[in-house]
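To keep things clear, I will list the structure first and then write my remarks on it.
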Amino acid sequence: MKLSALLTSAGINIGLCALLLSLYSILRKQPGNVNVYFGRRLAQEHSRLRDSFILERFVPSPSWIMKALQYKEEEILDIAGLDAVVFLRILVFSTATELFWTRYSSWADSFNIIRCIYYWKCRTKIKMEYKNIARMRLVHVTRSPLSPSHFTVLVRGIPKSTEQPFHDAVQTFFTKYHASSYLSHQMVYKVGKVQKIMSSAKNAYNKCAHLKDNVVDQRCRPSVYRCCLCGGPSNSFQLYHDELEVSGKEIDDHSDPNARDEECASAFVFFKTRYAALVSSEVLQTSNPMLWVTDMAPEPDDVYWSNLWLPYRQLWIRRIATLLASIVLMFLFLIPVTFVQGLSQLDTLQQRLPFLNGILKKPFVSQLVTGYLPSVVLQLFLYTIPPTMMIFSAVEGPISHSGRKKSACYKVLYFTIWNVFFVNVLSGSVISQINVLSSPKDIPSQLAKAVPRQATFFITYVLTSGWASLSSEVMQLFSLIWNIIRKYIFRKTEDPTSVPSFPYHTEIPKLLLFGLLGFTCSILAPLILPFLLVYYFLGYIVYRNQILNVYCSRYETGGSMWPIVHNTTVFSLVLTQIIALGVFGLKESPVAAGFMIPLVIFTLLFNEYCRKRFHPLFKSFSAQDLIDMDREDEQSGRMDQIREQLILAYCQFPTDAQDKSPPGDKCEGEVEGHSSSIEIDNNARSQDSKDDSSQHPTLGTLPVVRLQKAVKFLSMIVTLQKRSLSI
C-alpha cells in the first residue's frame with residue numbers, strides 16, 4: 001500500500017469537503033438561493049421572502065446539521081414517504097455493518113470470524129432489516145390514504161378487430177368475464193406529440209398562476225433591469241394575466257368521433273374492489289399469454305405514458321436489445337478503466353510515457369498521479385453511466401417512472417460493481433495469469449492476493465466518489481450555477497414547480513458498492529473501514545438534509561428498492577467468504593478452509609429462505625389485507641365515493657383540478673436565514689378544489705378536445721409574449 005499517495009489523496013479530499021460544506025452553510029442562508037436549497041418546501045408551501053441584512057447569513061455554521069438530525073423517522077415518513085425512510089435505513093444498515101467489520105477484522109486468523117460472519121451477519125442483521133422493511137411496507141399499504149392503483153389494472157395486448165374498436169372490445173371482454181367486479185375503463189391513446197403539447201401547456205399555466213400570485217406582492221411593478229438577451233422587462237408578461245384568464249374562458253368543449261382512431265391496444269380497467277383488481281392482474285386472461293396481458297397499474301403520477309402504447313409483442317425484443325447494449329457498454333468501459341489502472345502504476349506509466357519521467361520523479365507529482373488522479377478520472381467517466389442507463393431503461397418499455405428507475409438502478413449497480421471492483425482487481429493480476437482461467441479452484445487464492453494490491457485505489461475511490469461527492473451533493477453545484485444564469489442572464493423568476501426528485505438509481509448503487517468494498521477489504525485491508533464509516537455518517541446527515549429540503553417525489557413505491565439491497569449484501573457476503581477461503585488456503589489452514597465451503601452453502605440457503613419469506617411482499621399484495629380494506633370501506637360507506645374518484649384518476653390529459661401537490665404538505669416552519677414565513681391558506685385551497693371539481697372531464701373525453709385547448713392556449717401565450725417583448 002502506497003501510504004504517501006493515500007495521504008495526498010486524503011488531504012485533497014478532506015480540504016475539498018471542508019471548503020464545500022462551509023460554502024454550503026453560507027449559501028443556503030442567502031434569499032437568492034432558496035429555490036436551490038429549499039425546493040421541496042417551496043413547492044409544498046406558499047412563502048414570502050423578506051430580504052434583510054443579517055451578519056449571521058455570511059458566517060459558516062453547523063446549524064443545518066442539527067436541523068437535519070432533529071427529525072424522527074416517523075416525521076420523515078410523513079414528509080417524504082416510505083422510499084426516503086428505506087433509503088436512510090440503507091445508510092444505517094451499512095454503518096452497522098462497517099462497525100461490525102471494524103470490530104472483528106482483526107480476527108482473520110481465528111475461526112471465530114467464521115462464526116461471527118454467519119450467525120451475527122446473516123441470521124440477525126439481514127433478516128431483521130428485511131423483516132422491518134416488509135412490516136413498514138405492509139403498514140404503508142394498509143394505512144395510507146386511498147390509492148387508485150389498488151383498484152386499477154393495466155391491460156395490454158388487446159386484440160385488434162375490424163368489427164369493433166378497442167374501446168368496445170375492452171368493455172365487451174370484461175363485462176363478459178368479470179361482470180360482477182368490472183366497473184369501467186379508460187383507453188390509452190397514441191398521442192405522443194399531443195401529450196408533450198399538453199404537458200407544455202400545463203407547465204405554462206402553472207407558471208402563469210405563479211406569476212399572478214407574485215403580482216399581488218409586487219403591485220405590478222415593472223423590473224428596473226432588462227433581459228440581457230431580448231431587452232424586455234423581466235416581469236412584463238405578468239401585466240396580461242387578467243387577459244389570459246378572460247381568453248381562457250372562451251375555450252369550449254367539442255368532441256371528435258375520429259379520435260378513436262388513435263386508440264392503442266392498452267387500457268386502464270377499474271374494478272369495484274381491491275381484491276377483484278388483484279385477482280384480475282394475477283390470472284391469465286386467455287390461452288394466449290400475449291393477449292389481454294394484465295398487471296396492477298402504477299400510481300397515477302407514476303404512469304410512464306410514453307410506453308403504454310408500445311406493442312406488447314415487441315417488449316421482449318426491446319429487453320434483449322437493451323441487455324446487449326448494456327453488455328457492450330460494460331466492455332467498452334474497459335478502455336478508461338485500463339487507462340486508470342495505468343495511472344495507478346507508476347513504473348508502467350514511466351515505461352509507456354518516457355517523456356514524463358522528469359515530472360513523475362517529483363515526489364508530490366507522483367503521489368498526486370498515482371493516489372488521487374486515478375479515482376478522479378474514473379469518477380468523471382462514471383458520471384456518464386446513470387443517464388445512459390436511464391435511456392436504456394426507457395427503451396425497455398416500463399409502464400412506470402419507478403419501474404424505469406428501478407431498472408436503471410440494477411444496470412448501474414451491475415456496471416459499477418464490475419468495472420470498479422472486478423475489472424480493477426482482475427486487470428492487475430488475474431487476467432495476466434492465463435492459468436487461472438483453466439483452474440477455477442485457484443480463483444479464491446488469486447482474489448486473496450489481488451484485493452490487497454488494489455487497497456490504495458479503493459480507499460482513494462471512497463474519498464473521491466464518497467466524501468467529495470457528498471459535499472458536491474449538498475452544494476447542488478449544477479442547480480446553483482443554473483440558478484445564477486437564470487436570474488442574472490435570462491432574468492427569470494423562480495419556478496416552484498420544477499423540483500428535482502431523489503436520484504435513487506445513482507445513490508443506491510453507490511452505497512452498495514461501498515458496502516461491497518467494505519466486505520471484501522475488511523480482512524486483508526481493514527484500513528478502508530474508517531473511511532467508509534466517515535462516509536456513511538456524513539451521508540446520513542447530508543441525505544437527510546436533502547430529503548427534507550431539496551428533493552420531492554410525486555409518487556411512492558413503498559420501499560420496493562430494498563430487495564436490491566438485500567441481494568447485493570448477500571452477494572458481497574458470499575464473495576467475502578470466497579476470499580476468506582483463499583486467505584485460509586494461502587495460510588495453509590485446511591480446517592478453517594474446509595468449514596468455509598459449507599458456510600457459503602448455508603448463506604445461499606439463507607438467502608433462498610429470505611426470498612421465499614419476504615420478497616413476495618414486495619411484488620404483490622396479500623388477499624387478506626385487501627379484503628379487510630374493502631370491507632372497512634364498505635362498512636364506512638366510502639366505497640361509492642372511491643369509485644367515483646377512480647374515473648378521473650388515470651385521465652391521460654389531466655385538468656388543473658387533477659394536478660396534485662407533492663406529498664408532505666404537513667411541513668411547516670421558516671426557511672433558515674431568510675426570515676421566510678410559510679403561510680398556507682387551507683380554506684382557499686378547499687374552495688379552489690370545489691370550484692374545479694365541476695370542471696372534471698367525463699370518461700368519454702377524447703384527446704382531440706385536449707389538443708384544441710392546448711393549441712389555443714399555447715398560441716395565446718405566444719401572442720402575449722410578443723406583446724410583452726414590444727414594451
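Only heavy atoms go into these numbers, but all of them, side chains included; no hydrogens, no water, no symmetry mates.
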* Verify whether the ring centers belonging to Trp292 and Phe173 lie closer than 6.0 Å. => yes
* To do: Verify whether the ring centers belonging to Phe621 and His150 lie closer than 6.0 Å.
  => yes
Before accepting this row, confirm whether a basic side-chain N of the pair [X]/[Y] lies closer than 4.0 Å to the acidic partner's carboxylate O.
| X | Y | value |
| --- | --- | --- |
| Glu634 | Arg643 | yes |
| Arg274 | Asp625 | no |
| Arg611 | Glu608 | yes |

* Asked: Out of Asp302, Thr557, Asp83, which one pairs with Ser402 under the side-chain hydrogen bond (donor to acceptor under 3.5 Å, both in side chains) rule?
  -> Asp302
* Asked: Is a side-chain donor-acceptor pair under 3.5 Å present for His401 with Asp301?
  -> no
* To do: Return yes if a side-chain donor-acceptor contact under 3.5 Å exists between Lys405 and Ser501, otherwise no.
  => yes
* Asked: Is Arg40 close to Gln546 at the side-chain level, that is, under 4.5 Å between some pair of heavy atoms?
  -> no
* Would you mind reporting whether Gln171 and Gln164 have side-chain heavy atoms less than 4.5 Å apart? => no
* Asked: In this structure, are over 12 heavy atoms from other groups packed under 6.0 Å from Arg638 atom CZ?
  -> yes
* To do: Might you confirm whether atom OH of Tyr275 has over 12 heavy atoms from other residues, nucleotides or ligands at distances under 6.0 Å?
  => no
* **Sole residue of Tyr650, Phe268, Tyr189 in ring-ring contact (aromatic ring centres under 6.0 Å, His included) with Trp305** => Phe268
* Which residue, Phe571, Tyr130, Phe614, Tyr609, forms the ring-ring contact (aromatic ring centres under 6.0 Å, His included) with His566? -> Tyr130
